[in-house]
2 protein chains.
Amino acid sequence: MNTLSGRIRLDFHSAEPLYLQIAGQIEQMVARGDLKVGEQLPTVRELATELRINFNTVARAYRLLDEARLISTQRGRGTYIWEEASPAMLEQIRNRRLEEMARHYLEETTRLGFTLPEVIRALQTRIEKTRSETSAPEGSRRGEE
Amino acid sequence: MNTLSGRIRLDFHSAEPLYLQIAGQIEQMVARGDLKVGEQLPTVRELATELRINFNTVARAYRLLDEARLISTQRGRGTYIWEEASPAMLEQIRNRRLEEMARHYLEETTRLGFTLPEVIRALQTRIEKTRSETSAPEGSRRGEE
DNA sequence: AGAAAAATAATACATTGATACAATAAGACA
DNA sequence: TGTCTTATTGTATCAATGTATTATTTTTCT
């Protein structure tokens, strides 16, 4: 039995979609401190059974919160409250990650003995490859809506 | 305590599966020469405990590298860096790593919602920063970390 | 009413974890 | 020395988890 169970109330008559109701209520619980950092949420199937809805609807709510960096969904493991729940810090963290990844990319490639031109070249190649992959096929994308 | 312990970093938020992260980082170490031919890797359970994951996930990474003839897994004995890893093969691995690093860099940054210009910009910034650090000699920057 | 879009559900899938198993090594003991 | 037992190693199988794709239902708009 998880913390969430029995604490989410769905209004099936509401104009607000179920997945938004779920996401909103979880958001509130985090804001109130009812859900603490690192805490595990019920699985999509558990919560879906509780609420008598399809687990994909719960998954959609989770994905929304995941993209907002409020929770962390991990395939095969479960979903957890994100370690950094502060909205103010998010942008800073995000930018720091960008710097970190750039630094890491440079460090590791040059440590392998590649020259700067080679490293940049590899990135360009990859960019072009990604372009042709995402434009050509009948694209399934993630960040839609 | 094995060479690997404490040198593999997992990102549980990444879209990249854990077993691929592990395999990739081991490959990286071999390409860098941090892991030498014949050297024993930690057991699947050891490494799994370190990383706080299930040992089957480590086993999967090992199996991947085993199939690629980079390591040799032996039931009841342990896993070792493959004895007959030819220089040509190491070179191949090295190039594969370059591609992988580029792909990973792009994937993770765009997953965080950064645009291509932002990503490239971050890399340029980092390059310049590195330049000024290495030319203005505060020190022998070696391969630490 | 009919078409388009959004929300929800159904199904198949990939990743991770739990558990039991098989092979090898190491030590005990006759 | 030889064999037995035990511990340690990777392997196989299946369950549990979130994800992706597609279909169906519901809502919205004209």
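Chain naming here is simple, since letters A, B, ... match the order of the sequence lines and numbering starts at 1 in each. Computed from heavy atoms alone, side chains included, the values below leave out hydrogens, waters and symmetry copies.
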If Ile, Leu, Val, Met, Phe, Trp and Tyr residues are connected whenever their side-chain heavy atoms lie under 4.5 Å apart, and connections chain through other members, are [X] and [Y] in the same group?
{"X": "Val44(A)", "Y": "Val30(A)", "result": "yes"}
{"X": "Leu35(A)", "Y": "Tyr80(A)", "result": "no"}
{"X": "Met29(B)", "Y": "Leu64(B)", "result": "no"}

Nearest whole Å is fine: how far is [N] [atom2] from [X] [atom1]?
{"X": "Leu65(B)", "N": "dT11(D)", "atom1": "CG", "atom2": "P", "value": "12 Å"}
{"X": "Asp66(A)", "N": "dA20(D)", "atom1": "CG", "atom2": "C1'", "value": "15 Å"}
{"X": "Gln74(A)", "N": "dA16(D)", "atom1": "CD", "atom2": "P", "value": "19 Å"}
{"X": "Glu67(B)", "N": "dG10(D)", "atom1": "CD", "atom2": "C1'", "value": "14 Å"}
{"X": "Leu64(A)", "N": "dA6(C)", "atom1": "CG", "atom2": "P", "value": "15 Å"}
{"X": "Leu51(A)", "N": "dT8(C)", "atom1": "CG", "atom2": "C1'", "value": "14 Å"}
{"X": "Leu41(A)", "N": "dT17(D)", "atom1": "CG", "atom2": "C1'", "value": "14 Å"}
{"X": "Gln40(A)", "N": "dG18(D)", "atom1": "CD", "atom2": "C1'", "value": "12 Å"}

Derivation of the salt bridge (Lys or Arg N to Asp or Glu O under 4.0 Å) call for Glu100(B) and Arg103(B):
CA-CA 5 Å; Glu100(B) 276 301 302; Arg103(B) 182 192 58 77; 2.6 Å; yes
Any Thr73(A) side-chain N or O less than 4.0 Å from OP1/OP2 of dT19(D)
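For dT19(D), OP1 or OP2 has a side-chain N or O of Thr73(A) closer than 4.0 Å.
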B/S/- contact track for nucleotides 11-16 of chain C, protein heavy atom under 4.0 Å
B--BBB
Heavy-atom protein contacts under 4.0 Å, nucleotides 22-30 of chain D, coded B base, S sugar-phosphate only, - none:
---------
Which residues share a ring pair (Phe, Tyr, Trp, His ring centres under 6.0 Å) with Tyr105(A), sequence neighbours left out:
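So Tyr105(A) forms a ring pair (Phe, Tyr, Trp, His ring centres under 6.0 Å) with Tyr105(B).
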Applying ring pair (Phe, Tyr, Trp, His ring centres under 6.0 Å), name anything that partners His13(B), two or more places apart in sequence or on another chain.
Trp82(A)
Tell me which donor-acceptor pairs under 3.5 Å the side chains of residues 52-59 of chain A have, and how far apart each pair is, sequence neighbours excluded?
{"from": "Asn54(A)", "atom 1": "OD1", "to": "Asn56(A)", "atom 2": "N", "distance (Å)": "2.7"}
{"from": "Asn54(A)", "atom 1": "OD1", "to": "Asn56(A)", "atom 2": "ND2", "distance (Å)": "2.9"}

Would you indicate whether the side-chain heavy atoms of Ile120(A) and Ile127(B) approach each other to under 4.5 Å?
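When only atoms from C-beta onward are counted, Ile120(A) and Ile127(B) do touch, with a gap below 4.5 Å.
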Quick one: list whatever passes side chain to side chain contact (heavy atoms under 4.5 Å, CB included) with Leu112(A), sequence neighbours left out.
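In terms of side chain to side chain contact (heavy atoms under 4.5 Å, CB included), with neighbours along the sequence ignored, Leu112(A) is linked to Phe114(A), Gln28(B), Ala31(B), Arg32(B), Arg94(B), Arg97(B).
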